[in-house]
Amino acid sequence: MKRTIAISLLSLLVTLFAGAQTAVYEDASQPLERRIDDALSRMTLQEKVGLCHAWGKFYSGGVPRLGIPGLWMSDGPHGVRAEMDWNEWRNAGWTTDSCTAFPSLTCLAATWNPQMAERYGRAIGEEAAYRGKNVLLGPGVNIYRTPLNGRNFEYMGEDPVLSATMCVPYIQGVQSQGVACCVKHYALNNQETHRWHINVECSERALRELYLPAFRAAVERGKVWSLMGAYNKIRGTHASHNAYTLNEILKKEWGFDGAVVSDWDATHNMREAALGGLDIEMGTSQRRDKGISAKDFTFDESYLGNDFLAALQRGELPESVVDEKARRVLRLIFRTAMNPNRKHGNQDYAAHSAVARQIADEGIVLLQNRKALPLKGHRLLIVGDNAVRKLTEGGGSSELKVQHETSVLAAMQAEFGADRVKFAQGYLPGRNDYEREHSVAQHVTDSLREQAVSMAREADYVIVVGGLNKNKFQDTEDADRKTYDLPFGQPELIEALARVNKNIVVVLMSGNAVAMPWADRVGAVLQAWYLGSETGPAVVDVLTGRVNPSGRLPFSIPVKLEDCAAHSFGAEAYPGDGKTVMYKEDVLVGYRWHDTKHIAPRFPFGHGLSYTTFRYGKATVQKQGDDITVTVPVKNTGSVAGKEVVQLYVGEDRPTVLRPQKELKAFQKVLIEPGETQNVTLRLTPSEDFAFYDESSRSWQANRGTYTLYIGASSGDIRQQLKFNF
């Protein structure tokens, strides 16, 4: 007995002495991997497993015994979401959790300006850090495959080069504040219909050439610290624990050293989750397979909780499996929550709103202008629900509780005076509801249209502020659109207004393309996206000419839905049969389809007008080692300063496999003063930019031969072509 007491006292003294020393994992001056090794060596098996699943709706655990904090996550990517209840999908009711609403990522992509992406990321990172968040769930980089996808507004368009180029500085900006980005939704999450279980069958070429490059850039160039798995299946296995895409491609090929986080409720199987590359399971709220309902569910009942621990204890899984996951989670914690250089952040609404407005100003796209803009009239009529609606609400996980949001009507009245700016509702979308669709009686719709038409007769300009919203079956999570047409009777409204007033300007708020059969009967069309807190002022900036529009489309706008590749092969290609969707268009998505199949869009990818004009001079090509430099002089031939986006596409003249006519490979946005000429330089690396993914050799191949370099202002406005022999 005395011997046992003596040994216990000795053990206690050893423990106390060891605790008095600074542990390696606590010393931020030590190399990161050494800190991780030290922490792992001190952890029990239960503590390692505890790192691998959520302990709250937006919280994953740390190691309390060792003083290692957990991770606080927040939805993004357009603002830091309001605080949620610990384990309920409802607002917690705080009064200190308002945010700045930044423009949607479609708008950011439409700036074609990586500097805007870095400013966006830095500003939202500052707010996330101030709110105590360690992980911001964004940006989204899924490719725009169909204009019906309800979640396209969260993504960056149809082209992998544009998406990759714009997501990298966003990530770098956020992570400069010590907050991790969690790039999403990996991968092939291109529709919301059947998203929980749809199995995507896609060729390896399309996967590698279209759907993965932005994720790869986020990892290899952006050095992103975390990544979110998608809901859908990929070739029969759920994306959040798909061994091929997560282990083989993401972690082995690309060298991703961060943590893979499941989308909420996207985990379905313990063994697949353990071996398929998932590191942190989030959002699991019940276990139907074990008969555990949501009200009885506790977080250790997650797939990577008790079941995972038991399998490890029984020896069914080696401890190296949990060590690998714990290592990645610890790396994420040390980079964020335990990073001594982590910024404190700030919630400077004025400064962040200025950033939001600058991005909005650069992202608005002037699609059409028949001398209707800039505004010159005195009596203005604003028509449409989106002129007064809060468009930061709804849409699913991207909903925001904003510090302020200025509407178009309020901004127009502030600019011109309430006596000169009248308002007509024009149409109603039904009640604000993001879970179910509501209808409006036809007599109400007819009455609102008649009132707007009557008022339009007396106006110098009629500005229709319409588009979509974030209600069910509009631009929203968990539901795709039902139709390509504008909803709520807007086409009939625009046609009726055009019959009584020739100066009609249509401002479209949406994250998706819409049918525009009325386009030839209106003076101007603006694609204004969802612009966030500074919606109204940014729209006024462009309408008045205070800002010369410089946005360019990040996706094509087809004339009709059937002109879109995904919709040209029938239901099997979209939305699928409820179980599987086949990507039959293969590598021909967006402008690649329009160009190769000679189907003219209404507005092409990269399109956008200005209040000035630009002339392209003779381009020159130089080869320097392994690189090609293309230089083109661009002159502003108008009377106001403007920004032009010079785009460089590449096409192989005699391909050995199906290839698009041309593909975007480089672009640059430049500000040019009136009468000024600037030399725009674009660079290519043929071994990369001329390559396609060869499925037989499972490698990238660039054929020797002749290639055409297309220089233009959009995919449909090519100013000159150059031949290059590789």
Side-chain angles (χ1 to χ4, degrees), residues 15 18-55 59-73 129 133-136 171 174-183 218-220 222-229 241 246-247 250-262 273-282 302 304-305 308-309 312 317-343:
T15 301
Q21 308 300 309
T22 300
V24 171
Y25 73 87
E26 294 177 302
D27 185 355
S29 68
Q30 295 290 327
L32 179 60
E33 298 307 313
R34 188 179 176 203
R35 295 175 68 198
I36 294 170
D37 288 340
D38 181 61
L40 274 175
S41 71
R42 298 168 186 267
M43 291 168 61
T44 66
L45 183 63
Q46 289 87 341
E47 287 170 337
K48 293 174 185 176
V49 170
L51 291 177
C52 299
H53 61 83
W55 289 101
Y59 176 78
S60 65
V63 188
R65 181 180 64 86
L66 298 179
I68 297 174
L71 295 164
W72 291 97
M73 305 183 188
K133 306 304 179 185
N134 309 120
V135 181
L136 184 72
I171 291 165
V174 172
Q175 294 188 169
S176 71
Q177 304 305 302
V179 176
C181 276
C182 188
V183 66
V219 171
E220 294 183 343
K223 307 299 180 185
V224 72
W225 293 338
S226 62
L227 176 144
M228 184 189 295
H241 36 78
L246 294 175
N247 288 337
L250 177 68
K251 294 180 176 179
K252 291 182 182 178
E253 286 189 30
W254 300 346
F256 176 63
D257 68 357
V260 173
V261 179
S262 74
L275 300 176
L278 179 61
D279 299 311
I280 305 177
E281 174 186 351
M282 295 299 295
S302 301
L304 289 180
F308 186 34
L309 176 61
L312 290 162
L317 295 169
E319 193 165 347
S320 59
V321 172
V322 71
D323 283 348
E324 169 66 11
K325 296 181 190 302
R327 176 176 294 277
R328 290 176 176 274
V329 179
L330 287 169
R331 190 178 289 122
L332 181 56
I333 291 171
F334 291 156
R335 282 170 166 167
T336 58
M338 287 185 71
N339 180 354
N341 298 316
R342 185 177 188 268
K343 305 292 194 299

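Positions are given from 1 along the sequence.
- Panel note: side chain Lys343, backbone Ser176; a donor-acceptor pair is recorded below 3.5 Å.
- Val49 places none of its side-chain heavy atoms less than 4.5 Å from the side chain of Gln46.
- Using a 4.5 Å heavy-atom cutoff, the side chains of Arg35 and Asp27 are not in contact.
- In this structure, the separation between CD on Glu220 and CD on Glu253 is 9.5 Å, given to the nearest 0.5 Å.
- In this pair, Tyr59 and Trp72 present their aromatic rings tilted. The plane angle is within the 30 to 60° band.
- Of the listed residues (Lys251, Arg335, Lys223, Lys252), just one forms a salt bridge (Lys or Arg N to Asp or Glu O under 4.0 Å) with Asp257, and that residue is Arg335.
- For the pair Lys325 and Ala273, the tightest heavy-atom approach, listed with the atom from each and the gap, is NZ-O, 3.1 Å.
- Lys48 has a carboxylate O that lies under 4.0 Å from a charged side-chain N of Asp323, or vice versa, which qualifies the two as a salt bridge.
- For Asp38 and Arg34, the salt-bridge test fails: no basic side-chain N is under 4.0 Å from an acidic carboxylate O.
- The two residues Ala259 and Arg328 make their nearest non-hydrogen contact at CB-O, 4.1 Å.
- Remark: Leu309 CG to Leu317 CG distance equals 11.0 Å, nearest 0.5 Å.
- Looking at Asp279 and Arg331, no side-chain N of the basic residue comes within less than 4.0 Å of a carboxylate O on the acidic one, giving no salt bridge.
- Of all heavy-atom pairs spanning Pro69 and Ile333, the tightest one is O-CD1, 3.4 Å.
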